[in-house]
Amino acid sequence: MNVTLRGRPQPHRTVTFDRKQNAVRLIEQRLLPHEFKIVGTPDFRATAAAIADMVVRGAGAIGATAAYGLAQGALAFRGRDLKRFSVHVETVYQVLKNARPTAVDPVNAMDGVRAAMVAGATVAEQQALALAAAEEFAREDVRHCEAIGRHGAKLIRNGMRVLTHCNAGWLAFVDIGTATAPLYAAQAQGKKFHVFCDETRPRSQGATLTAWELAQQKIPHQIIADNAAGHLMQRGEIDLVIVGSDRTLGRTGEVANKIGTYTKAVLAARHKIPFYVAIPLSTIDWDLRRGFDIPIEERHEDEVLGAWGVVGGRKGKRTYIRVANPTSGARNPGFDVTPAELITGIITPVGIFKPRELWGRRRELGRAR
Ligand code: MRU
């Protein structure tokens, strides 16, 4: 998407690969919206650290980063011994997989890369295939987001007020985003609407990232405190909810997404407001049989006990401020699971389905086996 820097719009993608340097290039998301900076990770361990520390975040973006990280690790191998090479690739895979546990996209992306590598008879061939497959994952991510926009735009009518949670925009993917794709497509069709961005504590991805994206695209929006949505729904001020997902179970239609999504789904059901989830195919987990088994990331308590901001004006330094009582601890689950019955529809690149229709549509939705 375009980012306007010093008055000039420039196209950017969240994740790219620099073949010459064998580096993954990432927008440093922890600095946004205060500073726009691109950083490179010099090796696969640094790439895994960038995922764990949330330099890059969002299911699709960490999927592409993991795919590139696997290719990066493979390309760094010196030698011709295929056995030693595959032991090395397994280490790279595990390090990247363990960086963040809830989103399934990194696993699906890396499994795709590994499946493509099998066709190579030598280390050099497998290295080339790994990078080609990672590039293809990134291109497919963009195609999926475009298709989600085409399907989802019809849900948006003139004058609507749309609620979104966390950031499922282009910063959470390679480009365009999922929950935001219908908004961008509707805007291109000339529709007028308003977006409420949940602040999304504790890391505030709604207030920092989604709000920044919408401001860049000139989409009218306001940030609301996470606790405000129920009140607005009760007063008839929200017409539609669209969120993303980190893992959607193909067998049950349950949706893991940023903590607080479940609360919004309960509220939307209570107020009979349509609640949609937008996902690329890489977000579907065809294996797990119940949402309870989805690994939920527990993050550091400091995220709940304080907040990051900038002190000293626009060019100020990013600073952590302790907010909570100094002697109290905190619990910080990063995600929750929304049951299928609370979800009106899942917007996929193939079309919009009821959550429990996914399994019946598994061929169309790309389940390999
Ligand atoms: O912890 P984050 O910022 O990676 O969480 C992101 C979200 O929960 C998004 O809503 C999610 O990834 C779905 S869209 C990619």
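Both counts, for ligands and for their atoms, begin at 1 and track the order of listing.
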Hey, which atoms in ligand 1 end up nearer than 4.0 Å to a heavy atom of [X]?
X	value
A172	15 (C)
N257	7 (C), 8 (O), 9 (C), 10 (O), 11 (C), 13 (C)
Q205	1 (O), 2 (P), 3 (O)

Task: D239 and its salt bridge (Lys or Arg N to Asp or Glu O under 4.0 Å) partner, picked from R157, R161, K272 - done: R161

Task: Gap separating the CH2 atom of W170 from the CD atom of Q216, nearest 0.5 angstrom - done: 7.5 Å

Task: From CG (L171) to CD (E213), nearest 0.5 Å - done: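 Output value for this atom pair is 4.5 Å.
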
Task: ligand 1 contacted by G58 (non-hydrogen, < 4.0 Å) - done: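 Yes.
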
- [ ] Inspect the surroundings of CZ in R270 and state if more than 12 heavy atoms from other residues, nucleotides or ligands are less than 6.0 Å away.
- [x] no

Among all protein heavy atoms, pick the one closest to [atom] and tell me residue, atom and distance.
atom	answer
atom 14 (S) of ligand 1	A168 CB, 3.3 Å
atom 5 (O) of ligand 1	K258 CE, 3.2 Å
atom 6 (C) of ligand 1	R57 NH2, 3.4 Å

Open item on the list: Please report whether the ring centroid of H144 lies less than 6.0 Å from that of F173.
Closed with: no

Open item on the list: Heavy atom to atom 8 (O) of ligand 1, shortest distance: which of T248, I259, T178, D246 holds it?
Closed with: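 The nearest heavy atom belongs to D246.
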
Task: Per atom 2 (P) of ligand 1, closest listed option by heavy atom (R203, R299, R247, R100) - done: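 The nearest heavy atom belongs to R100.
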
Task: Check: R57 side chain, N167 main-chain N or O, donor-acceptor pair, under 3.5 Å - done: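 Pair found, side chain donor or acceptor close to backbone of N167.
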
Open item on the list: Whether the side chain of D198 engages the backbone of T200 through a donor-acceptor N/O pair (distance < 3.5 Å, no angle test) should be reported.
Closed with: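 The answer is no, because no donor-acceptor pair under 3.5 Å joins these two groups.
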
